[in-house]
Amino acid sequence: MSASNGAAAQTTEESLEARMADKTITLEVFRYDPAAGGDPTFQRYDVPYRSDWVVLDALNWIKDTTDGSLTFRWSCRMGVCGSCGMMVNGLPKLTCSTFLKDYYPDPLRIEPLANFPVQRDLVIEFDGFVEKLKSIKPWLIRNDQRDPADGELRQTPKQLAQYKQYTMCINCMLCYSACPEYAFIPGFIGPAAIALAQRYNLDSRDQGQAERRKLLGVQEAVWECTFVGECSAVCPKHVDPAAAIQQAKVTSTIDWYKRFLMPWGKK
Amino acid sequence: MKQSNEAFWWSLFSAGGVAAALFLPAIVVLTGFVLPFAEGDTATRHEQLRELIGWWPVRVLLMLVISLSFFHCAHRMRHLLMDFGVRSTPLLLAVVFYAGAITGTVATVVVISRL
């Protein structure tokens, strides 16, 4: 590249930067402070538009430069921690992976994840979700007492493939926000918890399937699901919790017929 | 820990979905297009169809496909209404739709048996 060409490219880049600096995008952000009382409101912020900015960058810009009181959760900025889930224009998204350029020049409406109680602004209360995860016994259950000296429990790649997909869940709760059944029935243990149960049920090292199958066979577990499929549609990690629920329904149905046809059988 | 009986209705719904997906298109193509538009005498084709339905495995297959499709429809409609927020009378919904499917099954068995 000649010197003049290099200079021209630099000028073009600078003018692009300059033009970009003038551009703004509007964020309508849900605000709610229970300590202050009153109803939730939406506050409009004009944020500089950058094509490489994600929604989380815009929220951080607001917090750093305009309004330090805006409250939201975030941590890793790379779609791993699952903290920054919010409703973006009515759809549950990880804000660290949702680019402004996909919405520009239209305004964005940012709300806390649907179907959860709001603590403040964009922060939700998720104690109930954690309890649901714990309720399905998400750990390897063994009938024998193993000692590290006994060596590792080995698996073939095929055995690993049975459940690996369900280990990818980052507990971001987008699936709970997307699920219309969860909106109606807060007691429904929901997509991520059932996917987690399947993660252990399908693990060749686990021996707790019988215990978990009883937990999954109750109405508030797999049977509240009507296979709308939105949980899998919004999952940022392609875990496909809807498939996990359908698998659990099949095993639960086999258990039901066994109980019905062989009531004297093993409980 | 009370296990749900929803598994029973779901199994009929599921079987109905499979039966409808596998057999209904073939039945529609056969009876709706192939037979009416095939070459030859209509009366002969009609007799051939009667003869086919007279064979008991075909009767059983037809009964199963139609009956399970009723249960598939009933279960889906019940849950569709629940998805739309009709949740104050769940027992009534279940009784209306599954009774409908059972009535449809009885009617199917009677009609096909008389063919």
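Note on naming: letters A, B, ... go to the chains in the order of the sequence lines (proteins, then strands), and numbering restarts at 1 for each one.
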Self-check item: Heavy-atom contact with chain B under 4.5 Å, split by part of A/V228
Solution: side chain
Practice problem: Could you check which of A/L216, A/V222, A/V250 has the highest count of heavy-atom pairs closer than 4.5 Å to chain B? | Solution: A/V250
Quiz item: What part of A/S252 gets closer than 4.5 Å to chain B, counting heavy atoms only: side chain, backbone, both or neither?
Solution: backbone
Quiz item: Is the B/F13-B/W9 ring centre distance short of 6.0 angstrom?
Solution: no
Quiz item: Between A/L215 and chain B, which part of the residue has a heavy atom less than 4.5 Å away: side chain, backbone, both or neither?
Solution: both
Exercise. Answer with side chain, backbone, both or neither: which region of B/F8 has an atom nearer than 4.5 Å to a non-hydrogen atom of chain A?
Key: both
Self-check item: Partner set under side-chain contact (heavy atoms from CB on, under 4.5 Å) for A/E211, not counting sequence neighbours
Solution: A/K137, A/I141
Quiz item: Just by distance, do the side chain of B/R59 and the backbone of B/I112 share a donor-acceptor pair under 3.5 Å?
Solution: yes
Quiz item: Is a side-chain N or O of A/Q165 found less than 3.5 angstrom from the main chain of A/V239, in a donor-acceptor match?
Solution: yes
Quiz item: Checking A/F260 against chain B: side chain, backbone, both or neither under 4.5 Å from a heavy atom?
Solution: neither
Self-check item: Other residues, nucleotides, ligands: >12 heavy atoms within 6.0 Å of B/M63 CE
Solution: yes
